[in-house]
Amino acid sequence: MNRDDHLNNIAKYVGRLEHEIRALNAVGRFDINSVAEDFLIPVIKLVFDCPDLQNLNNVRANFPAVDLGCTTNRIAFQVTTDGSSGKVEKTLEKFHQHRLDNTFDHLYVVALTEKQSSYTAKRLELAIGALAIPFDPAQHIVDWRDILARIRHLETSKLEAIDQYLAASWAKRDSNANFREQLDKFLAFSTEKIEVEKTSRKYIPAIFVETHSTKEEMRLFANPLFFYRKIQDKLRRFSYDRLNASLRIAGQPELVSDVDASLLSAAPASFAELSAWLDRASDSIDVELAKVRPLSWYRGEGEAPYKPAAPDSAGWMIARLQLEGAASGLTSRLNEARVLIDLIRNKIFLVTSMAGQGKTNFVCDLVENQFRLFEIPCLFIPARQLNGFAPGKRLFDYIAHNRYAPDGTKLHDYLTLFDQVAHDVQKPFVILIDGINEVTNLTSFNEELKAFCGAVCQYDWIKLVITCRSEFFDERFATMLNEPFAAHIHRVNDLRSKMTELSKARLLKAYLAHFSIKGSLQGQAKAFLENDLLLLRIFCERYEGSDIGYVTDIYKGDLFADYLRKKIDSFPQQHQAKALPTLFKIVAAMLAADDFSKLSVRDFTLEEQEIVRRFVEDDVILRREVESDGLAAAGDLAISFTYDELRDFVIAYRLVDRAAADQAQALTEILARLSSRPVYEGVYRYAYLLARRANNPAAIAACENATNFTEHFSLNVHLLPPAVQTSEDVARVKAILADAGATRRRRRIALFLLYRRDAAELLNISILIDHLNGLDEEEHAKFIRAIFGGHRDYDPHAWRQSIDELVTDVGKDEGGRGLVRYAPHWLAFFLHAAAHAGWLERESASTLFQEAGDAANCVEALALVRPAKTAAVQTLLADIAEPAGVPA
Amino acid sequence: MTKKDLVLPLRRIPPLGEFLDALQIKPAGLAAQLFTGVYNQLFVWSTDLRAQYDQYYCVEYPTLAAYLEIAHEIYLEPTELEKTHILKIKAPGGVLEEAYDDNVRDTVIDCVRELESSYED
């Protein structure tokens, strides 16, 4: 390119700049002028030969009179779109007033649009006359034409440099403008990631359980211009009325609120206005806290405690407690308002919680149902996807790896854009990084993440949401809390949400609907699944898309076996055969190491590691654990089973499998070795169950010969499916019922039988009824007492009260159904229990049966109980047969 | 929502005088002072979840019922959802505290319901 080419290009770029500045100023966007100051520095440096030119506002905020300055060559520039005499005159006056002639010998006013044809105003002449440096309007007030004229005289190398600079800058600006236009497409990348989380079932919207308090905090953090009103609500409800009533009784001066009414009615419309409003609100809270806190229970936290004028006065003594209570309530309200202000000002929202508490669900729900609906710009980064990028710049590369991302060479290129986007829409730009514990090489990522947080915190309205499993955060990322940006972190330590019974029922229904499972869950099955979300997940994945019919019990052994089979079937063909042996290898290694909470798979083959990785990806069977520290752990993967019972099942499965292969002795030895370990109960349970299912005599014998077999039998009998129940089991159950010395075991078996209503099963409620019928007076009372009493009861009559409550509950007329809704065997048990109720309740029970008349279930129940030996039951039966007031 | 919280769906917030009158309490006595506190708990310091929904949450939750169920675990009948105010009183204390044997929670709630019925009639 020759000189003319460079000159033509420069003229074209300068013309475009002048046009854009005019256009933006025409619509009131004068903020472009401050951008232009920085933009012009490289050009002015060359044109006016001032190599150390810098933006003086970067040296000192609100630098007076001039914008740019080069202290080496002592030249200063005021850059303005207003080229009027008045503006120049003010610049000169301020220059003089601040004695800038001590620093600069030359002053230029750069008019970004067009300067006047002449500057002859008297006041300007006076200002020029007052200056200690020479100033000639014709020479020192310059516009684009003057600058272009100076450029024409520059040497070619400088022309080339200016041309290249302007070309690159406009290209970047075009790219950025293009990016802003494509922002929606750029951000849609995040939406796609949410869809991936849905497909992989890490996020299931239908079964999401909201953590309302944390979500509420997020609203202030991520959408402050909408939710700042929550602070107003708190301040609006702040009143000294109640406190003053107590102060009057105490004979103390009343308090007057100084909360400004304008603070409560203000409606900040921009970030700048909001920041100013938050400052005012914060100051106002400080003022009120200083008044009320000394009177409250929090008086040790700030100011000196309140000292009443007459502490021994009757009024103070009477009102003091009430007064402190009211003051404490007000102090709490102010502190809560302060927390909301801090939430808005915080830059990082850190969620650390145990595995399985729904961190991914939480952030995905935020993106889908909070950020999307409020149009909050956000970038969602599933941290495990960072593993595909080079360590050290994973986050930068992830952001750049988007076809709609603008060209950027450094992180700040993107962050600057995100901040601009935030200012454009007046909503923070939120970057969510979910599950930082899923990144490999946590130590190096910790450093990268800290650098990223440090960079983000330099921008006013970019915010970060980070989630991490607690144990990983404590072990690998805790140093983040020592960084300067730690003051801007809001940390949530627990995402658990307590659910009411109604919500549990809603969740169960939603799960079944999401997995397209038809049928009905009742009794124990329903209770099991409602109270164990992981088991519910396993159940739903196992029965997805099927009709389960009417289910009253969950046989976990069968469920685990079917689930594992289904999961393994979903693996690529080449890995299927090795999947179960790999799980066996894991449990064998755990048994060998006697460590069931963590295992390194370093010594596994590549294929086995790939299978482990697939299991870990799902997070239902296996999950990642924190690796050991130090060099030796580099590149290692530590794992554990997500669900302890599933681990115990796999251990048991392997042991029984080996027992079938003539290695029963190994099962005996391992059961003996594990007997004092926490895993024993689970391993024994499933070993016995699987041995019974497989009808493996050697394994059954190994289990039944184990120490304390009867106790284990009573604990696990409910898991024996009907198909494997035998007459030996019936004999064992009867023996336990007859053993008055083992009260808790007897109670356990009685309650187990009480809910077994299916007569087709060998172990059913009729065993319990027959047993009760056979007991004499004393034994019967003792047995019923054992069932209804708790071993922690201090009140010796508590068991009788429980029976009374049962009778009262049964007596409640639920839609006029009375006793009709109960099965005959259960009613038979009810009669046995009611025979020991209080007089009034016994009468109620009797009346219930009389009113039921000849209802088939009641007639059958009475027939079932008729053989009872005990007089208490026979008396009740007689009462039922002979209505009150009718002589026998 | 915890078991201790109280939810009152109402068409209208009764004035204090009407509330005390329904409880057969004379306005100037000690009982009036005590039950003004109860009134405040129920109608002044409580949170109107319908108002909250309209002001803050209608963007995020498609219906008031969804907001109440998902965010507060409150399940109301359709007729209750139509009420003008859905007041949530967090763990009412004082004479409404259920832990005290001689609390008047049920009496007060019955009274509020009667006022509501008479208004609806």
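A, B, ... follow the sequence lines: proteins, then strands. Residue 1 opens every chain.
Within the 3.5 Å criterion, the main-chain N or O of Ala269(A) finds a donor-acceptor partner in the side chain of Glu273(A). Side chain of Asn346(A) to main chain of Asp342(A): a donor-acceptor pair is present (N/O by atom type, distance under 3.5 Å, no hydrogens or angles).
No close placement of the Phe380(A) and Phe371(A) rings is indicated, their centers lying 6.0 Å or farther apart.
Ring orientation note: the planes of Phe238(A) and Tyr240(A) are nearly perpendicular, at an angle over 60° on the 30°/60° scale.
For chain A, the nearby part of Tyr75(B) is the side chain; its heavy atoms alone come within less than 4.5 Å. Interface residue Gln52(B): only side-chain heavy atoms are found under 4.5 Å from chain A. Proximity to chain B (any heavy atom under 4.5 Å) is shown, for Arg372(A), by neither the backbone nor the side chain. With a 4.5 Å cut-off on non-hydrogen atoms, Lys230(A) touches chain B through its backbone and its side chain both.
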